[in-house]
Amino acid sequence: MNEQRTVKVSKYLARHLRHQPDRIGLTLDEAGWVEIDALLAAATAHGFHVSRVELDWVVAENDKRRFSIEGTRIRANQGHTVDIDLGLAAAEPPAYLFHGTVDRFLDAIRTEGLAPMSRHDVHLSVDRETATRVGARRGRPVVLTVDAGAMHRAGHTFRVSANGVWLTAAVPPEYLRFPD
Ligand code: HQG
C-alpha cells in the first residue's frame, strides 16, 4: 500500500470515526466503537471501497496510531468532535506536557488558557518534538509548556489515549509557560 493511499484511507477513517459517522449512515456506540464489517460496508456503499487488508494496514502502520481494533470493532483513539466517552481512566501526568500552537492564537490563550475548541479535550504531547509537529500544521510552531504536575495536584483530571496523547478538559493560563 503506497503512502498516498495510506493517508487517504486514514483521513477517510478519521472523518467517519471522529466527526461524521452519519455521513455514511454509521452509528458509533457510546465509547466510539463500530463493527469493522459495518464500516467497510458503509464505505463501499458510499463510493469509497476499502478492503479489510487496507484497513488493518492503516491501523497497524499509521504514523500516529490513530485507531484501535478490539475483536470485531474499531475506533479512533482520540480527536472526536462527536459526543462519545472514550472511557479512559484518569491518570497522573508527567510533571510537564507540551502544546503546539501558532502565534495568532497566543493573545487568546494568554487570557483564556487552552480550550478544547471543537474537540472533546485539549491535546497535549509528552515531548517538544511532537508538539512542534502539531503546531506546524498551522504555521510557524510555538510550543507552550504546561505545568501538568501542578494542575494534577490542584485536582484537574488527565487521561492518556491509546497512542500516548494526554487529554484534559482545559488548561487555565496560570499553568502555561510561553516562550520568550
Ligand atoms: C488553539 C492532530 C484560541 C490550539 C494533532 C490549536 C493533535 C486556542 C487549535 C490533535 C485556544 C485547536 C489536536 C484559545 C487552544 N483561543 N485558540 N483559548 N485554546 N487554541 O486541531 O492541539 O492528525 O483542535 O492551540 O496532531 O492543534 O487529528 O487541536 O491550535 O494531536 O490525529 O486552537 O490533532 O492529530 O486545534 O491538535 P485542534 P490541536 P490528528
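One-based numbering, in listed order, for ligands and for the atoms of each.
- Side-chain contact annotation: Thr168 with His156, donor-acceptor N/O pair under 3.5 Å absent.
- Each of Arg18, Lys64, Arg66, His99, Thr101, Phe105, Ala108, Ile109, Glu112, Gly113, Leu114, Ala115, Met117, Arg119, His123, Val134, Arg137, Arg138 has a non-hydrogen atom positioned under 4.0 Å from some atom of ligand 1.
- Transitive grouping of hydrophobic side chains (ILVMFWY, heavy atoms separated by less than 4.5 Å) keeps Leu97 and Leu167 in distinct clusters.
- From Phe178, atom CZ reaches atom CZ of Arg110 across 5.0 Å, with rounding to the nearest 0.5 Å.
- Remark: Phe67 CZ to Ile36 CD1 distance equals 12.0 Å, nearest 0.5 Å.
- If you check the side chains of Asn77 and Ser68, you find a donor sitting under 3.5 Å from an acceptor.
- Side-chain atoms of Arg23 and His16 include a donor-acceptor pair closer than 3.5 Å.
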